[in-house]
Amino acid sequence: MKFFVDTADTAEIADLAATGLLDGVTTNPSLIAKSGRKFLDVIAEICALVDGPVSAEVTALDTPTMLKEAAVLRKIAPNVTIKAPLTWDGLKACKALSSEGVSVNVTLCFSANQALLAAKAGAAFISPFIGRLDDIGEDGMQLIRDIRTLYDNYPALKTEILAASIRSPEHVKQAALIGADVVTVPPSVLRDLAKHALTDKGLDAFMADWAKSGQTIL
Ligand code: G3P
């Protein structure tokens, strides 16, 4: 499973990229607004920090303008993935871009049928939003299960399932068990994956016993 981080905070990205465990980055207009920085500058900085795909979202609602925006974003760096919303205009933009070999992440996916359309439009990634479905009382993870089954029924579809709107380590585990190709997570959730109370407790005990032994390795 690939780990992407879902943020426009370049300090966080630099720190996580240094671990060697980061496979890519996703951003969206809300995350860019939260950064308070210029969109194109942020994307350029992120692309220099990570080798993997960096999703940069178009903000137009019509296909022709989406394609013009995509042309600007693509010039930033070779690892830019164009993110487009799951609307008819977004799907048309996805089809046009993917036909030219451009990597597209189709976002705001809330149904398996939407995911099928994105795959037929040649999306490199489909982003089903787990947490937002949970927020309205639905089972977000069931959507990942359904898309996995649908895509596996048609091996010609090469779209990767990018589980998004991930809110907890449990979401990551469930998405991995189902076989999502990628998860994009907030930095705090990525860090939380390494935590366990028994790890901390066990390490404290080991260190206390080691101190009592009076030994050193170096
Ligand atoms: O990748 C999509 C993600 O940013 C949405 O997450 O927590 O705003 O639903 P959230």
Side-chain angles (χ1 to χ4, degrees), residues 1-13 16-17 21-37 39 42-43 45-47 49-50 52-59 61 66 69-70 73 79-87 90-91 93-94 103-112 114-115 117-119 123-148 159-176 178 180-193:
M1 170 178 261
K2 292 176 209 165
F3 285 161
F4 290 2
V5 70
D6 193 35
T7 184
D9 182 332
T10 51
E12 282 277 29
I13 293 166
L16 291 166
L21 298 175
L22 197 58
D23 300 301
V25 175
T26 53
T27 64
N28 62 39
S30 303
L31 293 170
I32 295 293
K34 190 175 159 198
S35 78
R37 299 183 54 203
F39 181 28
V42 175
I43 296 299
E45 204 176 309
I46 296 172
C47 287
L49 289 170
V50 297
V54 175
S55 288
E57 189 159 343
V58 295
T59 54
L61 298 177
M66 283 179 186
E69 290 181 348
L73 297 172
N79 56 331
V80 165
T81 284
I82 301 300
K83 206 171 177 190
L86 213 155
T87 58
L91 289 169
C94 177
S103 170
V104 182
N105 174 3
V106 176
T107 188
L108 290 167
C109 172
F110 294 95
S111 80
Q114 288 181 320
L117 284 170
F125 303 101
I126 183 67
S127 290
F129 277 29
I130 304 313
R132 293 192 193 185
L133 282 168
D134 291 351
D135 287 346
I136 61 162
E138 293 191 20
D139 179 2
M141 213 47 75
Q142 186 58 42
L143 177 57
I144 301 291
R145 242 175 251 116
D146 289 347
I147 298 172
R148 182 74 281 156
T159 304
E160 293 189 56
I161 301 174
L162 194 171
S165 187
I166 292 283
R167 307 274 176 76
S168 66
E170 182 63 21
H171 271 160
V172 175
K173 183 181 87 179
Q174 292 302 330
I178 293 164
D181 303 285
V182 191
V183 278
T184 189
V185 294
S188 59
V189 172
L190 191 50
R191 292 182 202 287
D192 283 349
L193 295 182

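Bear in mind the structure is a predicted one, so any value in this text is a computation, not a measurement. Order of listing sets the numbers, starting from 1, for every ligand and every atom in it.
- Checked by atom type and distance alone, the side chain of N79 pairs as donor or acceptor with a backbone atom of G52 at under 3.5 Å.
- Not counting sequence neighbours, the partners of L49 by the side-chain contact (heavy atoms from CB on, under 4.5 Å) test are T10, I13, A14.
- Using a 4.0 Å heavy-atom criterion, the residues that approach ligand 1 are D6, N28, F129, R132, A164, S165, R167, T184.
- There is a side-chain donor-acceptor pair under 3.5 Å between T26 and T184.
- Judged by distance alone, with hydrogens and angles left aside, the side-chain atoms of E69 form a donor-acceptor pair with the main-chain N or O of T59 at under 3.5 Å.
- Of the residues N105, T107, N28, the one that meets the side chain to side chain donor-acceptor pair (under 3.5 Å) test with S127 is N105.
- Here I43 contributes atom CD1 and C47 contributes atom SG; the two are 6.5 Å apart, rounded to the nearest 0.5 Å.
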